[in-house]
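Lettering of chains follows the sequences in order, A, B, ..., and the numbering in each one begins at 1.
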Amino acid sequence: MNDEQLMAEVIRHHAPAEVSELHRRYSKRLLGFFIKMLGGDVETAQDLVQEIFLRLLEKKHLYDPSRSFYTWLFTIASNLCKTHWRHAPFQTLTEAHSSHQKQMAENLADKAFFMESIKSGLAQLEHHQRTAFVLRYMEQFSLNEIADIMECSLGTVKSRLFYATQKMTLLLKDFDPSSESTYFKLH
Amino acid sequence: MENDLNPNEERFLQLLESTDFDQLTPEDQQLVLQFCEADDFRLQRRMLLQASTLHEDIPEPKALVLPQESLSFWKRPIPLYQAFSGIAATMILFVGSWFVNKNHQQNAKPGNIQQVRTDTVYRIQTIRDTIYRFKTVRYQSKTSDYRQALSQHANRQLVAVPEIYVPVPSKEVLHSSGNSMGDDPESKKLVLTSPRHSTLDGLAPDLPRK
């Protein structure tokens with residue numbers, strides 16, 4: 001059975017077996033999405049994976065069968081992240097950033113530094129920009145799928161990606177510019 | 001920030017996602033340089049490529065724990081004695097209502113006419129269909145009383161009206177020219193010739209004296 005058929009069974013019979021099957025198919029990818037959105041917070045990401053399947057059971061009547069189950073699931077995931085982001089204390093971001101600055105000073109020549117700076121830059125993006133960035137460049141969704149997940153137009157998705165990329169570049173340029181040519185050379 | 005991109009910005013984003021700076025055509029390179037320097041473009045491109053490898057080591061998700069479904073009213077278990085009590089009560093109600101219905105139906109059959117012998121009939125109520133209303137009218141002569149009342153009223157008027165003598169003025173008084181008595185020779189005559197008479201006597205000699 002495909003995803004939509006499984007979901008139809010869930011709607012009709014509240015079938016736990018079908019929900020478990022959907023969990024088996026998507027839990028790992030959802031976990032990866034949550035980890036990236038939350039900046040590496042695995043424990044919270046695990047909780048959100050549990051919560052998303054509970055919400056799926058609660059909100060099953062809202063599922064539109066004409067819509068792809070996959071994108072609908074990620075819409076719920078995106079909304080969950082937004083809710084979590086609103087309730088998360090602001091200190092988390094600033095603490096993460098300051099610790100990152102310290103680490104940056106210590107490991108300026110380290111290869112992993114670049115990855116850390118991407119993480120830091122990602123954490124400083126606005127929620128809708130971060131969601132678009134993660135879905136596009138980390139989860140490899142198409143632009144149309146992102147528009148469907150974020151419930152906005154294709155033009156809006158492109159705009160969010162464009163400005164997210166510009167902002168990330170500015171944050172990365174805050175680091176030692178002279179070392180860019182050495183360390184950021186393309187392979 | 002939510003506005004749609006212009007065509008150049010869209011093209012820039014497309015190039016950023018797909019092609020390295022060194023592999024761009026000269027026209028595309030010119031377009032890219034409108035937005036940023038070549039190094040910045042390389043930096044952005046590297047960032048996008050590296051981002052896909054970020055958080056690659058994803059742990060296994062926890063097993064799904066679904067909450068136990070709350071049973072509906074009809075699926076909820078009950079003790080055995082409650083079930084038997086319910087069944088017994090239902091049967092008693094059913095049998096009782098069946099007997100009542102049976103008796104009622106036998107009595108209500110259209111052909112079922114029963115003769116009952118009686119030796120005494122009691123009249124319980126009388127229902128009247130016509131009611132008469134009577135009215136007594138008395139006629140009385142009022143002539144004598146009326147006359148008596150009229151005469152009393154007339155006497156009362158006679159007593160009430162005072163006797164007033166109203167003098168009638170003469171023509172000379174009515175049509176006097178307004179001269180003073182000193183200028184009028186007749187007036188002087190009156191005053192001189194009859195000092196004992198009143199002015200009224202002189203002016204109206206034709207009026208009857210009382």
Side-chain angles (χ1 to χ4, degrees), chain A residues 14 16 19-20 22-24 26-32 35-36 39-40 42 45-47 49-50 53-54 57 114-119 121-122 126 128-129 133-134 136-140 152-156 158-163 165-166 168-170 172-173 177 180-181 184-187, chain B residues 1-24 29 31-75:
Chain A
H14 194 85
V19 178
S20 298
L22 290 169
H23 178 265
R24 192 189 62 75
Y26 292 110
S27 56
K28 190 150 190 176
R29 188 152 190 199
L30 283 168
L31 183 62
I35 288 172
K36 288 159 194 169
V42 179
Q46 291 274 19
D47 292 343
V49 172
Q50 286 283 325
F53 282 94
L54 297 181
L57 280 171
F114 186 68
M115 302 300 279
E116 287 299 318
S117 56
I118 292 175
K119 272 190 206 175
L122 201 57
E126 288 179 42
H128 58 270
Q129 289 176 344
F133 190 92
V134 169
R136 179 65 175 162
Y137 303 121
M138 300 170 88
E139 292 293 327
Q140 318 300 330
C152 61
S153 69
L154 192 62
T156 305
K158 287 178 184 175
S159 170
R160 286 174 180 176
L161 287 172
F162 179 82
Y163 289 110
T165 314
Q166 297 295 313
M168 290 277 283
T169 311
L170 283 174
L172 288 172
K173 277 178 73 177
E180 281 178 14
S181 57
F184 300 157
K185 200 176 282 178
L186 289 170
H187 299 293
Chain B
M1 297 292 265
E2 292 289 315
N3 295 333
D4 286 355
L5 302 177
N6 63 42
N8 283 345
E9 288 171 334
E10 276 200 34
R11 178 71 182 149
F12 174 82
L13 188 66
Q14 195 183 352
L15 293 172
L16 186 65
E17 288 184 354
S18 60
T19 318
D20 290 337
F21 185 80
D22 299 327
Q23 294 171 347
L24 293 173
Q29 283 187 350
L31 186 139
V32 166
L33 290 174
Q34 288 176 9
F35 290 96
C36 61
E37 293 177 7
D39 285 343
D40 291 343
F41 188 83
R42 289 192 185 98
L43 178 65
Q44 288 185 50
R45 179 118 181 91
R46 180 182 169 86
M47 177 187 69
L48 298 188
L49 292 171
Q50 292 290 324
S52 62
T53 62
L54 200 64
H55 298 296
E56 271 188 322
D57 300 326
I58 297 166
E60 280 299 313
K62 288 178 184 172
L64 181 64
V65 181
L66 290 172
Q68 198 167 7
E69 189 184 359
S70 61
L71 291 171
S72 65
F73 177 78
W74 302 110
K75 291 179 181 175

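With a 4.5 Å cut-off on non-hydrogen atoms, A/L161 touches chain B through its backbone and its side chain both. Both the backbone and the side chain of B/E60 come within contact range of chain A, each with at least one heavy atom under 4.5 Å from a heavy atom of that chain. Interface remark: B/E10 contributes side-chain atoms only to the contact with chain A (heavy atom separation under 4.5 Å). Only the side chain of A/Q140 comes within contact range of chain B, with heavy atoms under 4.5 Å apart. Only the side chain of A/R136 comes within contact range of chain B, with heavy atoms under 4.5 Å apart. Looking at A/L154, neither its backbone nor its side chain comes within 4.5 Å of chain B, counting heavy atoms on both sides. Of the atoms belonging to A/V19, heavy atoms from both backbone and side chain fall under 4.5 Å from chain B.
Atoms CZ and OG1, on B/F35 and A/T165 in that order, are 12.5 Å from each other to the nearest 0.5 Å. Note that CG of B/L49 and CD1 of A/I118 are 9.5 Å apart. Values are rounded to the nearest 0.5 Å. From A/E116, atom CD reaches atom CG of B/L54 across 8.0 Å, with rounding to the nearest 0.5 Å.
The candidate with the highest count of non-hydrogen atom pairs below 4.5 Å against chain B, out of A/V49, A/L54, A/I35, is A/I35. With respect to chain A, the highest number of heavy-atom pairs below 4.5 Å among B/P61, B/C36, B/S52 belongs to B/P61. Of the residues considered (A/M168, A/K36, A/Q46, A/K28), A/Q46 shows the highest number of contacts with chain B, using heavy-atom pairs under 4.5 Å. No other option in B/I58, B/L64, B/L16 has as many heavy-atom pairs under 4.5 Å with chain A as B/L64.
Between A/Q50 and B/V65, the closest side-chain pair of non-hydrogen atoms falls below 4.5 Å. Counting only heavy atoms from C-beta outward, the side chains of B/T53 and A/M115 approach each other to under 4.5 Å. Counting heavy atoms from C-beta on, the side chains of A/D47 and B/K62 come closer than 4.5 Å.
Residues passing the salt bridge (Lys or Arg N to Asp or Glu O under 4.0 Å) test with B/E37, sequence neighbours excluded: none.
Between A/V42 and B/P59 the shortest heavy-atom distance is CG1-CG, 3.6 Å. For A/S153 against B/D4, the heavy-atom pair with the smallest separation is OG-OD1, 4.4 Å. Between A/Y137 and B/L13 the shortest heavy-atom distance is OH-CD1, 3.8 Å.
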